[in-house]
Amino acid sequence: MVRTRFAPSPTGFLHLGNARTAIFSYLFARHHGGKFILRVEDTDRERSRLEYEEEILKDLRWLGIEWDEFYRQSDRFEIYRSYVEKLLQEGHAYPCFCTQEELQREREEAQKRGVAYRYSGRCRALSPQEARKMMEGGKSYTVRFKVPDGRNVVFEDLVKGYISINVDDFGDFVIVRSDGSPTYNFVVVIDDALMEISHVVRGEDHIPNTPKQILIYEALGFEVPKFAHLPVILGEDRSKLSKRHGGVSVKAYREEGYVSEALFNYLCLLGWSAPDDPDREIFSKEELIELFELKDVNSSPAVFNRDKLRWMSGVYIREVLPLEEVASRVLPFLKDAGYDVGDTEYLKRVLEHTRDSFDTFSEAVDRLRPFFVDEFEIPQELMGLLEDMRSLEVLNLFLEKLKESKPSSVEEVKRLARTIQKELKVKPKEVWHTLRIALTGALEGVGIDILIALLPQESIEFRIKRVLDRVS
Ligand code: GLU
């Protein structure tokens with residue numbers, strides 16, 4: 001049975017790179033009919049926050065990643081303690097009484113000699129009696145894992161291939177801090193083993209941790225899972241994707257009104273492509289579940305391209321989501337902007353004609369303003385243009401004809417505009433420009449013929465009369 005997990009630390013918002021890890025881990029489990037587990041890794045009490053946990057869960061739900069089991073490491077301290085006991089008793093771990101200052105001195109020493117630092121192993125030599133005496137004397141201590149000398153730990157990574165790391169690179173490492181809290185490298189093993197995780201899917205920044213974890217699996221007699229380390233995501237400048245590259249949290253994209261399915265889809269393409277159709281870009285979640293395999297994940301870094309993501313969000317708005325769905329998703333954004341949206345039938349009619357003009361729901365707020373907001377400023381220079389273009393005549397005639405013909409389709413609006421052109425002997429451009437400025441306060445934006453066809457008659461009259469009042 002395939003069992004995978006996503007194990008975020010609630011020390012910040014969900015980063016795009018972690019979201020991709022979650023997605024790959026999720027897709028792999030679903031592809032194999034297995035289980036996907038969410039585990040909040042909050043053993044670092046200083047930096048973990050419940051608010052972050054809540055935001056991360058919200059982001060995962062928004063992305064459509066549902067989990068089968070949920071755990072929080074801070075609820076499991078008793079379990080970890082029993083395994084620390086076991087390691088101590090069986091001689092795989094020992095208490096270390098070295099003080100911060102002593103360790104700092106060792107570190108400086110190593111630096112002076114120009115060698116990589118590793119703990120000297122001084123406290124390894126203490127006899128159990130000596131150690132007990134110091135503990136009872138109240139001396140503060142950490143617990144270190146006893147790393148077997150000279151071993152090469154080798155594992156086959158499902159993405160990166162064979163990886164071999166010599167334990168001399170790290171030395172005896174801490175598994176319990178002096179405040180009694182267990183460290184990541186230790187609890188991750190206990191949890192992955194007890195939760196029967198078959199495949200550990202995570203970022204490649206964890207590769208150096210993997211041999212430490214394998215040693216703990218072995219010491220406790222646990223079966224070692226398979227590992228898949230995913231390459232990093234880079235910004236366009238080829239450095240690791242970070243805040244410098246702009247929005248890198250899922251929350252930022254959620255709040256900016258990107259389509260969640262598009263973000264899910266786009267993140268999948270950062271390091272994965274369909275084996276039979278590598279150029280294909282648009283996939284539903286169901287299709288991805290059907291197709292996704294870890295073996296098809298590229299082992300070299302992927303480059304994040306915000307424009308591409310934005311484009312894809314637009315594709316989902318224009319072509320993928322049903323109109324109903326576009327309406328219900330854009331609605332909260334319009335309401336937040338203070339628009340009086342009224343009935344959703346009107347909104348749907350508007351979207352039918354405008355959904356191809358924005359890529360995100362926050363962009364829709366700007367694009368759709370003329371359909372919902374009657375009160376707006378017309379900049380002075382545009383008012384000037386109106387005066388130049390025989391606009392009073394155009395507007396007056398338009399208003400008159402509008403009452404008679406009540407155009408409600410683009411065709412009817414165009415016919416009306418033609419009548420005005422002919423009667424006043426003006427160019428089409430002059431008619432459209434005048435109407436556009438009067439009705440939207442801008443020189444560009446949504447199709448003016450569509451706006452006139454859909455906007456309630458009272459709104460049109462209100463806006464035009466206001467201009468006429470101002471000009472005269
Ligand atoms: N809490 C770790 C992180 O967020 C998880 C690493 C792992 O998946 O083992 O990086």
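Everything numeric in this text was worked out from a predicted model, so none of it was measured. In listed order, ligands and their atoms are each counted from 1. Values below: every heavy atom of this structure, side chains too, minus hydrogens, waters and symmetry copies.
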Any donor-acceptor N or O pair under 3.5 Å, side chains S313, D359: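 S313 vs D359: no donor-acceptor pair found between side chains.
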Donor-acceptor contact below 3.5 Å, side chain H15 vs main chain S249: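 Absent.
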Parallel, tilted or perpendicular: ring planes of F24 versus F292, cut at 30 and 60 degrees: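 Tilted.
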Interatomic spacing from CG in L321 to CG in L351 - rounded to 0.5 Å: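 Spacing of CG (L321) from CG (L351) equals 11.0 Å.
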Aromatic ring proximity F36/F6, centre distance under 6.0 Å: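 Aromatic pair excluded; centres sit 6.0 Å or further apart.
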Salt bridge (Lys or Arg N to Asp or Glu O under 4.0 Å) involving D168 - partner list, sequence neighbours excluded: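 Applying salt bridge (Lys or Arg N to Asp or Glu O under 4.0 Å) to D168 gives R118.
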Close-range residues for ligand 1, whose non-hydrogen atoms fall below the 4.0 Å threshold: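 These residues qualify: R5, A7, S9, E41, Y184, V188, R202, H206.
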